[in-house]
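Below is one structure, written out as structure tokens; comments come after it.
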Amino acid sequence: MPDGCSIRAIWIFSNFDAVIFSRRFPVVEKRWRTACKTENDRCISDDLNSSVSPVLPNDSELAAAFVERKNREGSAGGFGIRIIQSSEGSDSWVDDPITRHIIGLHVKKEEGDSIFMWPLILHIKNHYSILVLPIVEPRHVKEYSSLCRRSDCGSAIGAESSLSSLLLDLPSITGAFMVALAIGDVITGDVVEPDVLVSASPSVGGLLDSLTGSIGISGISARAKPVASPSISATPSSNTAIGALNSDVPRPLDKDALRSFLSSSMPFGTPLDLSYSNIFSIKANGFSSSDPPPADLKQPAWKPYLYKGKQRVLLTIHEIINAAMYDRDEIPDKISVSGQINCRAELEGLPDVSFPLAGLNKARIEGLSFHPCAQVPEHGIDKQAVMFSPPLGNFVLMRYQAICASGPPVKGFYQLSMVSEDKGAFLFKLGLMEGYKAPLSMEFCTVTMSFPRRRIVSFDGTPSIGTVSTTEHSVEWKILTSGRGLLGKSIEASFPGTIRFAPWQIQRLHSPSSLSASVDEVDSDVESESASNVVNIEEFLMEKMSKDLPPVELEEPFCWQAYNYAKVSFKILGASLSGLSVDPKSVSIYPAVKAPVEFSTQVTSGDYILWNTLDKCPSVASENI
């Protein structure tokens, strides 16, 4: 049996545990039946009472097995480790957390027989559970089945067989994970390409006209605009993709689009190209029939057809800054930068593009990774060159981790003191863009106080700058709004106020030993997972987080909802905060063509948290302590 990845079948479950889509691949199943026959014949000749099933169950049989495992293991993912509720033969009996994602099912056939299916890749995306079954050798299924009945826990040192060594021998599982992730993105509409920005300055001329559809630009400011992939915008279901992700209402499953994607991306069950944009670009534009590449150039898999049209190269550095601001002497503030270079190269033929990365001598880069199309011919502390054969559309050329070279763009403190059980007094004192100079500009800045467990009744306070709005569970302070950015200067902002909450009745969470009883007493409306009141701890805690429980009642030290904080959101344009940059004049294209190169930067906030200085806060001890 070949080492590559081939898929036997795919199932998609709704949040009601019903199979709403399934696809079997007869070509791969024929290979499986042949392998099963060989293995079963060997067992008979060796007088072994062990066989594997050569057939797949129907959808109803598989759904029943999936529900039975979910009830037995406490959730769709399962316990992942062996606990008192684990039963011999189950995934949690193996005592390895990976069994929350690579599962086995004992399926009872209508004829009365029982078959064991493994490895089933489980991927949960929004309201859907996706199962992908890759083909492996029958002996691997038997080996895992024996692990599920081993008396000892985990992977013992020196043991001949373990789940880790078994998985290392099965590269097809990695491919099956990629298939499951791609299907999850397609059915939820999460197929948006990375942003690539282009300057909207009138000096661009015809290039901008082609982007804006000949709309007049005399009144448009020189702010960068995102460039969307035409292949994505041309797809029928992508218009409603964004926005459906955060909705509580399940997005209707577009079965026709999914069938089309599977037929094109993995014909006969073997994945060829799981790029959503590539697949639908081919459908919209077809393959390159004219001007084929020279015979000495091999067309890469990431460029299934050649571009034809006006040539240009767009490069964007997009950085996300995460911070934990404590304003305490005993706890240092933590700031980190996650960045990526997004690229869009509309170039005819199969050219190579190369450029050096500028600013490495001052950018404290902690990790680098590149797109498969890229090569790194030279590197060092102050020198890093990148050469690549660009694919179609927008793509991430490079990812990196760095330390913010200019200090925090928003610093200060947040204090909230409860003067009574239902009334609190708060104070913000912030400094924006201190030490930052042009061309860096902050486009907007918003601070949000969230109270997911308390309902706001009234609010009183006036900030020194900006506007305030409230919802039932949050207060939003818009310090800077779009169109009134901050360029080349810093400001200080303060915001004192009081807030009153609706009264509540404290519900206490007792010791873990009373976990099942607590669910019955406190959450009587939560459906019991099984007759024995088996409750998955992770799902139970998440359920408790959505309830009105005060912080001191929930002993979960790394749960954000157990602490009080404010979150800052902002966008900065003009340069990167890591110091990394690209000089458009240093970009070279071979064979040489006349193509404009545009470079832009964008910095956005990720988890930028101001912890309440007067309350508890989670922190990690420094490694040098």
Side-chain angles (χ1 to χ4, degrees), residues 194-195 197 316-342 357-371 379 381-382 384 386 396-414 430-437 440-448 450 479 486 490 557-582 600-613 616-625:
D195 285 341
L197 306 179
T316 295
I317 288 184
H318 183 195
E319 293 184 340
I320 297 176
I321 182 167
N322 300 293
M325 311 296 288
Y326 296 97
D327 190 45
R328 303 188 187 197
D329 294 335
E330 68 276 16
I331 307 177
D333 296 338
K334 303 290 184 181
I335 306 174
S336 64
V337 176
S338 301
Q340 62 189 45
I341 298 181
N342 300 336
L357 294 173
L360 280 178
N361 55 343
K362 63 177 180 179
R364 298 173 60 184
I365 304 296
E366 297 182 333
L368 284 171
S369 63
F370 296 88
H371 189 277
H379 56 87
I381 298 177
D382 59 350
Q384 182 88 53
V386 181
V396 179
L397 175 63
M398 185 185 87
R399 301 180 191 272
Y400 59 90
Q401 299 289 326
I403 295 177
C404 187
S406 307
V410 178
K411 60 181 179 180
F413 65 82
Y414 159 57
L430 304 177
L432 277 61
M433 301 295 284
E434 291 185 8
Y436 287 77
K437 300 179 180 179
L440 284 165
S441 66
M442 179 173 282
E443 191 174 64
F444 72 86
C445 182
T446 301
V447 179
T448 303
S450 297
I479 305 176
L486 194 64
S490 61
F558 295 105
C559 184
W560 284 22
Q561 303 286 8
Y563 303 94
N564 181 246
Y565 64 92
K567 186 172 183 178
V568 185
S569 302
F570 57 81
K571 179 189 287 187
I572 298 175
L573 302 176
S576 67
L577 297 192
S578 65
L580 198 65
S581 182
V582 176
S600 59
T601 59
Q602 175 177 274
V603 180
T604 57
S605 58
D607 292 326
Y608 203 103
I609 304 300
L610 301 175
W611 293 105
N612 184 3
T613 307
K616 298 187 304 178
C617 62
S619 63
V620 179
S622 176
E623 59 184 0
N624 57 6
I625 293 179

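Residue indices begin at 1 and follow the sequence shown.
For the atom pair Ile335 CD1 and Tyr608 OH, the distance stands at 5.5 Å (nearest 0.5 Å). Going from atom CG of Leu610 over to atom OG1 of Thr448 covers 10.5 Å, rounded to the nearest 0.5 Å. Atom CG of Leu573 is separated from atom CD of Gln602 by 6.0 Å, given to the nearest 0.5 angstrom. Of the inter-residue distances, the one linking Glu443 atom CD with Ile572 atom CD1 reads 10.5 Å to the nearest 0.5 angstrom. The CG atom of Asn612 sits 12.5 Å away from the OH atom of Tyr565 when rounded to the nearest 0.5 Å.
Counting heavy atoms from C-beta on, the side chains of His371 and Val396 never come closer than 4.5 Å. Here the side chains of Met442 and Val410 are in contact, with some heavy-atom distance below 4.5 Å. Looking only at side-chain heavy atoms (C-beta outward), Val582 and Leu357 come within less than 4.5 Å of each other.
Panel note: side chain Thr446, backbone Ser569; no donor-acceptor pair is recorded below 3.5 Å. Remark: side-chain polar atoms of Thr601 are paired, donor with acceptor, to backbone N or O of Ala575 under 3.5 angstrom.
Residues meeting the side-chain contact (heavy atoms from CB on, under 4.5 Å) test with Ser369, sequence neighbours left out: Arg399. Checked against side-chain contact (heavy atoms from CB on, under 4.5 Å), Ile320 has the following partners two or more places apart in sequence or in another chain: His318, Asn322, Thr604. Annotation: side chain to side chain donor-acceptor pair (under 3.5 Å) contacts of Tyr400 (sequence neighbours excluded): Glu319.
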